[in-house]
Amino acid sequence: MLKKGDCAVFAVILILIAVFGWYKWDASQSGGSRIATVSQYGKVVKTINLDTVKTAEDIKLPGKYDVVIRIERGRICFIHSVTPQQIGVKTGWLSKPGDFAACVPAQAYIKISGISHKLDTVAY
Amino acid sequence: MHSRDVMAVSQEKNGSKTRPVGIQQKNQRKCSRLLSWSNGKRMIAFVAVLTIALSQAACSFSKSKLYQANGFAMDTVINQMVYSTQQQKAEDAEKKATAEINRLDKLMTNIGTGGDVNAINDSAGEKSVAVSSDTIKVLQRAEYMSKLSDGAFDITIGPLSKAWAISSDDPHVLSDSQIKKLLPLVDNSNVVLHAKKSLVSLKGKNQQIDLGGIAKGYAGDMVAQIYHKYGITSACANLGGNVVAVGNRPDGSQWSVGIQNPRGDNGEYIGYVKVSDCAVVTSGDYQRYFIKNGKRYCHILNAKTGKPANTGLMSVTIVCKSSIDADGLSTAVFALGMDQGKKLLKEYGKAEAIFITADKKIYITDGLKSTFTFDDESGAYTYVKEG
């Protein structure tokens with residue numbers, strides 16, 4: 001038969017494993033801070049920690065499409081472009097891990113690191 | 001039984017010396033304590049082994065690392081998610097897939113110069129052109145889709161799609177007379193294939209091929225093949241809305257593919273399907289379109305009328321094993337509308353569909369009943385369960 005002491009040891013071990021497992025899983029899922037990456041023509045233009053943004057900022061991308069990206073605390077978006085379909089602008093604000101928006105004519109995209117918990121991707 | 005227990009018992013049994021009762025009782029107590037401790041230790045060992053086994057199983061999910069890549073090709077955005085325990089393998093597979101998409105883009109574009117399709121179009125009505133085996137395969141499948149859809153899908157739509165220029169900076173609303181003039185050029189039977197010689201010709205002068213309704217689908221199949229070749233068993237690629245899912249998620253569950261809300265922000269969905277080793281392709285009136293005088297003109301043209309498809313659908317999503325077929329079918333079904341589209345799918349036999357109608361109702365085919373989840377964030381749509 002198990003003694004009280006043995007049970008206590010098991011309980012502590014199991015709790016430690018559960019806590020450590022949860023911590024590892026959570027870290028792998030969320031990656032901690034929300035890091036947004038802005039890329040154009042295959043190169044990273046800017047990397048921003050959205051959780052530490054203090055004042056709103058606009059980034060104007062080079063090229064004829066007059067693409068402007070707005071960064072605010074916790075969110076980012078294509079705020080303006082002169083592209084025919086406005087697909088990037090229509091994506092709206094990105095704020096969750098895995099969120100993605102692209103402006104195809106300007107060959108630019110914004111991505112928040114991590115993966116979406118609910119959906120892997122969207123068919124459109 | 002533990003060896004120390006065996007020893008203790010055998011000593012009692014074979015004890016050559018006679019021990020006093022008090023000592024025997026003491027020994028029995030000691031023995032039972034030993035038994036108790038040994039059970040406890042066995043339990044500890046069991047729990048430890050179980051814990052290690054469970055944590056190993058749990059860790060096997062996290063051992064598969066995600067490698068993501070985003071880029072532009074085929075006039076759209078390409079996203080790849082490749083899982084592997086070996087980072088290098090995932091990276092190599094993604095790079096090879098990206099190179100393949102770019103190669104196919106160059107072969108099959110009808111924009112700019114170069115490639116098989118431009119060569120065929122430039123030689124229309126004049127001569128045959130030597131093309132790659134990939135182009136032959138796509139043209140053969142396009143021919144099948146054209147016949148299956150009774151001409152609603154037709155890759156010789158090129159002259160009309162260029163005239164409408166719907167995806168461009170300067171789209172036009174064509175007059176009936178302009179359409180009437182160009183419509184005779186749309187005829188898939190004028191695409192002459194010599195598969196063995198890899199030769200293609202277009203019979204009519206000024207005819208033009210446009211593979212916009214099928215080339216991405218073929219690229220999706222090639223990407224899946226590359227993943228398999230590299231031993232990747234868990235990957236998901238999105239080629240401008242054409243989704244190709246390879247295997248399952250690394251935890252063994254199926255991939256969740258959202259279905260775009262046709263009137264919502266990009267990425268906003270009305271529900272999702274769970275799939276494995278499958279293509280999910282949507283055609284709709286919302287990504288490439290223009291509005292003039294309050295009327296919406298989408299980029300999918302009905303090859304029979306020469307006009308943007310207007311059959312009461314906002315989108316149709318096809319779910320089937322073949323990405324090229326899913327792409328062709330989604331275009332054809334969108335052009336035909338829901339009722340005729342259902343007949344076409346029945347004839348094809350291996351595809352399921354989600355229809356979103358102009359009055360914001362959602363219909364699905366029977367085969368998706370267990371895999372589709374209605375989850376409309378906007379609250380604007382009604383899921384119509386039939387049968």
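Sequence lines set the chain letters: A, B, ... in the order given, protein chains first and strands last, and positions in each chain run from 1.
Chain A forms the most heavy-atom pairs under 4.5 Å with one residue out of B:G241, B:S167, B:P262, B:C236, and that residue is B:G241. Between chain A and the residues B:W255, B:F290, B:F72, the most heavy-atom pairs under 4.5 angstrom are made by B:F72. Contacts with chain A were tallied for B:Q287, B:Q260, B:M81; B:Q287 has the most, counting heavy-atom pairs under 4.5 Å. Note on B:L66, B:N79, B:I259: by heavy-atom pairs under 4.5 Å with chain A, the leading option is B:N79. Residue with the most contacts toward chain B among A:V82, A:T83, A:V104: A:V104 (heavy-atom pairs, distance under 4.5 Å).
Between atom CD of residue B:E268 and atom NZ of residue A:K90 there is a gap of 13.5 Å, rounded to the nearest 0.5 Å. A distance of 12.0 Å separates CG in A:D99 from CG in B:N266, rounded to the nearest 0.5 Å. Remark: A:L119 CG to B:T373 OG1 distance equals 10.0 Å, nearest 0.5 Å. Note that CG of B:D169 and NZ of A:K64 are 6.5 Å apart. Values are rounded to the nearest 0.5 Å. Atom-to-atom distance recorded for B:Y286:OH and A:Y124:OH is 9.5 Å, nearest 0.5 angstrom. With rounding to the nearest 0.5 angstrom, the CG atom of B:N70 is 9.5 Å from the OG1 atom of A:T37.
Side-chain atoms of A:D120 come within 3.5 Å of backbone atoms of B:S256 as a donor-acceptor pair (strictly under, hydrogens ignored).
Heavy atoms closer than 4.5 Å to chain B are found in the side chain of A:F100, but not in its backbone. Both the backbone and the side chain of B:Y289 come within contact range of chain A, judged by heavy atoms closer than 4.5 Å. For B:V280, the parts sitting under 4.5 Å from any heavy atom of chain A are the backbone and the side chain alike. Residue B:D170 does not touch chain A at all, counting heavy-atom pairs closer than 4.5 Å. Interface residue B:S168: only backbone heavy atoms are found under 4.5 Å from chain A. Contacts of B:D75 with chain A are made by both backbone and side-chain atoms, with heavy-atom separations under 4.5 Å.
In this structure, A:K118 and B:D375 have side chains that are in contact, with non-hydrogen atoms separated by less than 4.5 Å.
Within 6.0 Å of NZ in B:K292 there are 12 or fewer heavy atoms belonging to other residues, nucleotides or ligands. Other residues, nucleotides and ligands contribute over 12 non-hydrogen atoms within 6.0 Å of the NZ atom of B:K162.
Pairing each heavy atom of B:D265 with each of A:T91, the nearest pair is CB-O, 3.8 Å. Closest approach of A:H117 and B:R249 over heavy atoms only: O-NH2, 4.2 Å.
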